[in-house]
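The structure appears right after this line, and notes come after that.
Residue numbers begin at 1 in each chain, while the letters A, B, ... track the order of the sequences.
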Protein chains: 2
Amino acid sequence: MIKLSKKIEYGILALQYIAVHSDKIVSAKEISEQMGIPYEFLSKTLQQLMKKGLIVSQHGIKGGYVLGKNAADVTVKDIIIALEGKASFLDCFVSSDGLICERSPNCTIKDPMEKLQSKVMQVFNNTTIAEIATT
Amino acid sequence: MIKLSKKIEYGILALQYIAVHSDKIVSAKEISEQMGIPYEFLSKTLQQLMKKGLIVSQHGIKGGYVLGKNAADVTVKDIIIALEGKASFLDCFVSSDGLICERSPNCTIKDPMEKLQSKVMQVFNNTTIAEIATT
DNA sequence: TTAAAATCGGATTACAATAGTCGGATTTAA
DNA sequence: TTAAATCCGACTATTGTAATCCGATTTTAA
């Protein structure tokens, strides 16, 4: 199925929440309760976003997260890559040279599919957390 | 993960093959062998495409499939819907009224996500089998 | 100094969807 | 009548997602 995973969904919801409440540090617990996201799972997701620099963490009591970049500079594509390592439609496009599936390099749909993917990624790359937070 | 399923991949490969060989009837066996797709699985996929009218079948020996529509009129979106019933990113957008997930109707990302999805579907809707077969 | 509340992180489990297989029925051309 | 094909339902295997558990560490504040 062509769909976004729960992790991506939670990641977008969380980043939006943090962006909207940028006047304070927000904890995973707060996001979890306000957004209705399983706490443990959300924590993992936030830790991943932190490792990729999309958010910054503060340890200890009164701790939590704030944005690590300007909301206008974080795209949906950034979030997908941060949480899943890659953003590609077919296995063909995962490796750097684009040739890892068994049909390559004689795959008859490789080129048109690569164009398709490029267009879709452009869409993901043109949507930012800033837009999502204000719309 | 944001990726196309094997079924979609096989469906595109098969439709492309049938389009390219439109001068004859092609069997599932031929596509399976030429494209390196598991026969049983491919058969199921072709039957689904047939039910949705994207291809037409002929029974019996010397039977097989031909396109059911002009290749230029069959889009990737059509294929996704034929094989998976829907084409939506998040659960929110599956039902007709767009309100089926537990966060709706107060979901804070519903509107921007719907726009995003609409743009991506536009991309899928602008790529046809004719293009894929000639590129 | 101690307790509470938070992030961190590995391991594990539960579940669902995808991918693939099997067996048999039906159709049709030679 | 046989062979080669579509058709169809049920089943299994595998994988990936989603969720959970347990404990360690950090930091603030009483």
Exercise for review: Considering just the side-chain nitrogens and oxygens of B:Ser43, establish if one lies under 4.0 Å of OP1 or OP2 belonging to D:dC7.
Suggested key: no
**Study point:** OP1 or OP2 of D:dA18 under 4.0 Å from side-chain N/O of A:Tyr39
**Key:** no
Nearest 0.5 Å, what's the [atom1]-[atom2] distance between [X] and [Y]?
X	Y	atom1	atom2	value
B:Leu13	B:Ser32	CG	OG	11.5 Å
B:Ile8	B:Phe124	CD1	CZ	9.0 Å
A:Gln34	A:Ser27	CD	OG	9.5 Å
B:Ile18	B:Ile129	CD1	CD1	9.0 Å
A:Thr75	A:Asn126	OG1	CG	8.5 Å

Integer-rounded Å distance: [N] [atom2] and [X] [atom1]:
X	N	atom1	atom2	result
B:Phe41	D:dA10	CZ	P	18 Å
A:Ile8	D:dT17	CD1	P	10 Å
A:Glu9	D:dA19	CD	C1'	15 Å
B:Leu46	D:dC7	CG	P	9 Å
B:Glu84	C:dA16	CD	P	18 Å
A:Lys86	D:dG16	NZ	P	8 Å
B:Lys6	C:dG20	NZ	P	7 Å
B:Glu30	D:dA4	CD	P	15 Å

Practice item. Could you walk me through whether A:Thr108 and B:Met35 pass the side chain to side chain contact (heavy atoms under 4.5 Å, CB included) test, one step at a time? Key: CA-CA 9 Å; A:Thr108 55; B:Met35 296 284 105; 4.1 Å; yes
Review point. Can you list, by residue number, the residues of residues 47-55 of chain A that have a non-hydrogen atom closer than 4.0 angstrom to DNA chain D?
Key: none
**Study point:** DNA chain D contacts made by residues 15-28 of chain B, counting heavy atoms under 4.0 Å
**Key:** B:Ser27, B:Ala28
Practice item. Go through the side-chain N and O atoms of A:Gln48 and A:Lys7 and say whether any donor and acceptor fall under 3.5 Å apart. Key: yes
Point to revise | Polar side chain donor-acceptor pair, B:Glu30 to B:Tyr17, under 3.5 angstrom | key: yes
Practice item. Measure from the side-chain heavy atoms of B:Ser5 and tell me the nearest of C:dC22, D:dT6, C:dA19. Key: C:dA19
Review point. When you measure from the side chain of A:Ser57, which nucleotide among C:dC8, C:dG20, D:dC7 comes out closest?
Key: C:dC8
Practice item. With DNA chain D as reference, determine whether B:Tyr65 or A:Lys7 sits nearer its 5' end, using the nearest nucleotide of each. Key: B:Tyr65
Study note, to complete from the structure: Heavy-atom contacts, protein to nucleotides 23-30 of chain D, under 4.0 Å, summarised as B (base), S (sugar-phosphate only) or - (none) per nt, yield ---BBB--
**Study point:** Working for side chain to side chain contact (heavy atoms under 4.5 Å, CB included), residues A:Lys69 and A:Asp78
**Key:** CA-CA 11 Å; A:Lys69 304 181 176 186; A:Asp78 293 332; 5.5 Å; no
Check your understanding: Donor-acceptor pair under 3.5 Å: do we get one between A:Lys44's side chain and the base of C:dG10?
Key -> yes
Exercise for review: Take A:Gln16 and B:Ile109 through the test side chain to side chain contact (heavy atoms under 4.5 Å, CB included) and record every step on the way to the result.
Suggested key: CA-CA 8 Å; A:Gln16 184 208 38; B:Ile109 62 169; 3.6 Å; yes
Check your understanding: Which part of the nucleic acid, if any, lies within reach of B:Tyr10 when heavy atoms closer than 4.0 Å are counted: base, sugar-phosphate only, or nothing?
Key -> sugar-phosphate
Review point. Passes side chain to side chain contact (heavy atoms under 4.5 Å, CB included), B:Val26 versus B:Lys24? Steps please.
Key: CA-CA 6 Å; B:Val26 295; B:Lys24 61 170 183 176; 3.7 Å; yes
Check your understanding: Run the salt bridge (charged side-chain N to carboxylate O under 4.0 Å, His left out) check on B:Glu33 and B:Lys29 step by step: do they pass?
Key -> CA-CA 6 Å; B:Glu33 287 171 351; B:Lys29 181 159 174 275; 3.5 Å; yes
